[in-house]
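Just so it is clear, the values below take in all heavy atoms, side chains as well, and ignore hydrogens, waters and symmetry mates.
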Amino acid sequence: MALLKWPKPGQNGSVSTDSAEGRMPLMEHLRELRNRLVIVLLAMIVGIIVGFVFFDPIWTFITEPYCSLPVSHLLREGECTFAIRGVFEAFFVNLKVAAMFAMVLSSPVWLYQIWAFVTPGLYRNEKRYSISFLALAIPLFLAGAALAYFIMDTGLAILLGFAPTNAIPLLEMDDYLSYALVMLIIFGVSFELPLLMVFLNVIGVLPRATVAKHRRMVIFIMFLFAALATPSTDPFSMIALAIPMVVLFALAEGFMYLRERRAPKGEDFSHLSDDEASPLAEDLSPLDLNTTDTDPIK
């Protein structure tokens, strides 16, 4: 069986270095990603340590919506009571609370690392807008999380109100923490969606005409998403999430309308269907399409 020999440089069929040169930017990109992930991991570790140290006040703040309900004091009068099932449940609850606190505490670090990693692939005007959107992303997420925090007690009261009068709800620490975590994340991320719409419009991906065309469907999807995403099945939580999303959607569409109205007028091909080609200028000949001038003498 004949062995295949790798051709040496200088012979016919010599090896091209284009593939090796093409791999160098990829390796540098992966190396940059690794370095940024290490920075994010270190910030998370520091936040987890701080979360472990201040676990008691953080846990008191998280459990306040449940502890404000009279049903939480039925087992021990005057004390908010949770159940623990399993030997390691208390430790894992401490770890989850510390991780939640670390994610919030280190959010400026990992948001900046994401932005710095993506920025080289953006144009100059897109970089300018991305800084503004990054500055708005954190307040919007915190606003959504704050709304979830203030309505959790109402949602819990509705759900626990279905229990019979002779039943005492015994809520486990891990179950309540999972419920609170899902509520905070879903409400916070949902408030970011209109901002994403505006960003896509600014970079020219999502025109306002497309949003206006599918407005009713988008609103219906928002209510459907609110019904499916909220961990509680009560209609109050669904409405509390859907209505702010619709209001933010209307504000985002209004911003897109004002921006496109102030933009310079150009050729409008929005009336064309997806499979219809735009008309070319009639006064251009095929020779006029050449943009490079090969004649050195003029």
Side-chain angles (χ1 to χ4, degrees), residues 19-62 88 90-149 173-174 177-206 229 248 252:
S19 59
E21 294 176 355
R23 284 195 298 267
M24 290 302 295
L26 178 61
M27 295 302 297
E28 294 177 358
H29 208 54
L30 293 177
R31 191 177 297 110
E32 180 186 2
L33 177 61
R34 180 197 62 187
N35 294 337
R36 297 193 182 279
L37 288 177
V38 169
I39 295 175
V40 172
L41 182 61
L42 292 176
M44 285 291 297
I45 292 175
V46 173
I48 289 175
I49 295 175
V50 176
F52 266 112
V53 174
F54 297 97
F55 170 79
D56 291 336
I58 297 173
W59 177 251
T60 303
F61 176 78
I62 294 175
F88 300 101
F91 171 76
F92 284 118
V93 168
N94 278 262
L95 184 60
K96 287 182 180 180
V97 171
M100 290 172 56
F101 180 78
M103 186 174 296
V104 176
L105 184 65
S106 62
S107 59
V109 177
W110 53 263
L111 282 174
Y112 172 78
Q113 295 301 323
I114 294 175
W115 175 80
F117 182 74
V118 177
T119 295
L122 300 177
Y123 294 105
R124 181 175 300 177
N125 61 331
E126 296 174 353
K127 294 179 182 179
R128 182 178 71 251
Y129 285 116
S130 63
I131 297 176
S132 302
F133 294 143
L134 183 63
L136 291 174
I138 297 178
L140 282 176
F141 183 86
L142 294 178
L147 177 62
Y149 181 81
M173 294 177 62
D174 188 64
L177 183 61
S178 300
Y179 168 79
L181 179 61
V182 171
M183 286 284 289
L184 295 175
I185 291 178
I186 287 178
F187 274 70
V189 173
S190 299
F191 275 45
E192 303 287 344
L193 297 180
L195 186 64
L196 178 62
M197 289 174 46
V198 173
F199 181 75
L200 293 177
N201 177 260
V202 168
I203 64 178
V205 176
L206 182 64
L248 291 175

Rounded distance [0.5 Å steps], [atom1] in [X] versus [atom2] in [Y]:
{"X": "Asn94", "Y": "Ile48", "atom1": "CG", "atom2": "CD1", "result": "12.0 Å"}
{"X": "Ile45", "Y": "Leu41", "atom1": "CD1", "atom2": "CG", "result": "4.0 Å"}
{"X": "Leu147", "Y": "Leu142", "atom1": "CG", "atom2": "CG", "result": "12.5 Å"}
{"X": "Met100", "Y": "Leu181", "atom1": "CE", "atom2": "CG", "result": "4.5 Å"}
{"X": "Ile49", "Y": "Met44", "atom1": "CD1", "atom2": "CE", "result": "11.5 Å"}
{"X": "Leu196", "Y": "Asn201", "atom1": "CG", "atom2": "CG", "result": "11.5 Å"}

I'd like to know whether Phe199 forms a side chain to side chain contact (heavy atoms under 4.5 Å, CB included) with Val205, so could you lay out the CA-CA distance, the side-chain angles of the two residues, the decisive distance to 0.1 Å, and finally the verdict. CA-CA 9 Å; Phe199 181 75; Val205 176; over 6 Å; no

Using every non-hydrogen atom in the two residues, find where [X] and [Y] come nearest and quote the distance to one decimal.
{"X": "Ala252", "Y": "Val198", "value": "CB-CG2, 3.6 Å"}
{"X": "Leu184", "Y": "Ala145", "value": "CD2-O, 3.2 Å"}
{"X": "Leu177", "Y": "Val93", "value": "CD2-O, 3.9 Å"}
{"X": "Pro194", "Y": "Leu248", "value": "CG-CB, 3.4 Å"}
{"X": "Gly47", "Y": "Ala102", "value": "C-CB, 3.4 Å"}
{"X": "Phe141", "Y": "Ile185", "value": "CE1-O, 4.3 Å"}

Q) Given Val50 and Phe101, is the side chain to side chain contact (heavy atoms under 4.5 Å, CB included) satisfied, shown in steps? A) CA-CA 8 Å; Val50 176; Phe101 180 78; 3.5 Å; yes

Measure from the ring center of Tyr149 to the ring center of Phe187 and say whether it is less than 6.0 Å.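 Here the rings of Phe187 and Tyr149 have centres that are no less than 6.0 Å from each other.
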
